[in-house]
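Computation of the quantities below employed the complete heavy-atom set of this structure, encompassing side-chain atoms and omitting hydrogens, waters and symmetry-equivalent molecules.
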Amino acid sequence: MEPDPHPYVHGRTVQEADRLACQASGLALILHHDTCYPAGSRVLEAACGVGAQTVILAKNSPEAEFVSVDISPESLLQAEQRAAEAGCMNIIFRTADVYDLPFDQGSFDHVFVCFLLEHLPDPLLALDRLKGVLRPGGTITVIEGDHGSALFYPDSPDARRVIRCLIDIQREMGGNSLIGRELRHLMDEAGFCSVEVSPRIVYADAGHPEGREGVKNIFIAMVEGVREEALSRGMVTGPEWEKGIRDLSQTTENGGTFAYTFFKAVGVKGE
């Protein structure tokens, strides 16, 4: 089998597509309640993947025009189907590399980036390329997680070990799953103005039962996605992995708590 020229740490499986859809819908209110674009504006969504976030964006701003790009043709096909099923007619899909965008300078009013920079070996270069196609005075919105922000009870070194496997594997693939804490620095380095970063905390306990399903179907499912890679690299043994996932799952049971922080940054391209 040919190696994937654009590897994605979570894999491009049906299960991952389902997880992304669950993540987008489950986090829509906390991440996107304040993401809305004016009528007539042209918005670039970089790395739309299977379109999980795309549909939410398009529905939030039905009179804006979205150009959603991704490097994976297979993901774009899923994104187009998802948008069609949702009845979203204000989206154009194109295959594109964020490092080599096929658009004129200053051709977009706004840029939206969600869960992309963590996978890139050079996120600053990506921001520079995106800034190039943004018009002066236009905005960029960047959303990233930070796996180091996961706090839970009961605490468990085994649970932390399996999370660390994901962090280390992603780093070895050239990404950075701790990038949320760096957004302010990256936006400043890229030359954006009026940068505002807001933490968006997800919390689950017995009083927030809806959050528990999110922990299971989004975070734990994401960690479980690197099981085979972690075992093949000898990072953990099979029993150690199972113990870690079991302990992590206990945080969603009675008496357990789980918290995680996403970071949303908005900046402006100077005149």
Side-chain angles (χ1 to χ4, degrees), residues 5-8 31-32 34-54 56-58 60-61 63-73 75-76 79-80 83 90-145 173-198 262-271:
H6 310 293
Y8 172 60
L31 295 184
H32 303 311
D34 51 355
T35 304
C36 188
Y37 299 106
S41 57
R42 192 164 186 249
V43 185
L44 173 65
E45 181 195 11
C48 67
V50 298
Q53 311 287 338
T54 311
I56 295 171
L57 292 176
N60 279 358
S61 304
E63 296 183 54
E65 175 192 356
F66 291 87
V67 178
S68 297
V69 304
D70 200 88
I71 202 167
S72 166
S75 294
L76 280 174
E80 289 188 53
N90 55 333
I91 311 166
I92 298 169
F93 291 97
R94 289 190 61 175
T95 304
D97 184 335
V98 71
Y99 293 132
D100 187 22
L101 293 165
F103 305 112
D104 293 335
Q105 297 289 288
S107 56
F108 289 93
D109 300 300
H110 307 280
V111 170
F112 178 85
V113 186
C114 188
F115 306 145
L116 166 65
L117 300 186
E118 63 168 305
H119 300 291
L120 300 180
D122 196 341
L124 190 58
L125 177 61
L127 287 175
D128 182 70
R129 295 291 190 265
L130 292 166
K131 183 179 154 188
V133 300
L134 184 63
R135 67 165 173 79
T139 70
I140 183 170
T141 298
V142 184
I143 300 174
E144 294 289 345
M173 291 176 66
N176 177 11
S177 59
L178 308 178
I179 202 167
R181 69 190 70 180
E182 298 182 26
L183 280 192
R184 176 70 198 218
H185 157 73
L186 288 168
M187 296 280 278
D188 286 344
E189 284 292 301
F192 289 102
C193 307
S194 304
V195 176
E196 295 288 343
V197 179
S198 58
F262 294 93
F263 295 86
K264 182 172 187 175
V266 179
V268 178
K269 179 176 178 178
E271 298 290 343

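- Panel note: side chain Ser72, backbone Ser75; a donor-acceptor pair is recorded below 3.5 Å.
- No side-chain donor-acceptor contact under 3.5 Å links Asp104 to the backbone of Ser107.
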Worked check of side-chain contact (heavy atoms from CB on, under 4.5 Å) between Val142 and Leu186:
CA-CA 10 Å; Val142 184; Leu186 288 168; over 6 Å; no
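- Taking the side chain as every heavy atom from C-beta outward, Leu76 and Arg94 never approach each other to under 4.5 Å.
- Smallest separation of non-hydrogen atoms from Val111 and Val113: CG1-CG2, 3.9 Å.
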Could you please spell out the steps behind the side-chain contact (heavy atoms from CB on, under 4.5 Å) verdict for Ile143 and Phe112?
CA-CA 8 Å; Ile143 300 174; Phe112 178 85; 4.1 Å; yes
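- In this structure, Leu183 and Leu117 have side chains that are in contact, with non-hydrogen atoms separated by less than 4.5 Å.
- With rounding to the nearest 0.5 Å, the separation of CD in Glu144 from CG in Leu178 is 11.5 Å.
- Note that CG of Leu116 and CD1 of Ile71 are 10.0 Å apart. Values are rounded to the nearest 0.5 Å.
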Evaluation steps, side-chain contact (heavy atoms from CB on, under 4.5 Å), between Val195 and Met187:
CA-CA 7 Å; Val195 176; Met187 296 280 278; 3.9 Å; yes
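- By the 30° and 60° cut-offs, the orientation of the rings of Phe66 relative to Tyr37 is perpendicular.
- The two residues Thr54 and Cys48 make their nearest non-hydrogen contact at OG1-CB, 3.5 Å.
- Remark: Asp188 engages Arg184 in a side chain to side chain donor-acceptor pair (under 3.5 Å) (not counting sequence neighbours).
- Judged by distance alone, the side chain of Asn90 and the main-chain N or O of Ser61 form a donor-acceptor pair under 3.5 Å.
- Neither side chain, Ser41 nor Glu65, offers a donor N or O lying under 3.5 Å from an acceptor on the other.
- Closest of all the heavy-atom pairs between Ile56 and His32 is CG2-CD2, 3.8 Å.
- Put simply, SG on Cys114 and CD on Gln53 are 4.0 Å apart, with the number rounded to the nearest 0.5 Å.
- Residues passing the side chain to side chain donor-acceptor pair (under 3.5 Å) test with Asp34 are Arg200, Lys264, sequence neighbours excluded.
- Asp70 places a side-chain N or O within donor-acceptor distance of the main-chain N or O of Gly49, the cut-off being under 3.5 Å.
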Which donor-acceptor pairs under 3.5 Å do side chains of residues 128-140 form with protein atoms, sequence neighbours excluded?
{"residue": "Arg129", "atom": "NE", "partner": "Tyr99", "partner atom": "O", "Å": "3.0"}
{"residue": "Lys131", "atom": "NZ", "partner": "Ala190", "partner atom": "O", "Å": "3.0"}
{"residue": "Arg135", "atom": "NE", "partner": "Asp109", "partner atom": "OD1", "Å": "2.8"}
{"residue": "Thr139", "atom": "OG1", "partner": "His110", "partner atom": "ND1", "Å": "2.7"}

Kindly determine whether Val268 and Phe192 satisfy side-chain contact (heavy atoms from CB on, under 4.5 Å), including the steps that lead there.
CA-CA 5 Å; Val268 178; Phe192 289 102; over 6 Å; no
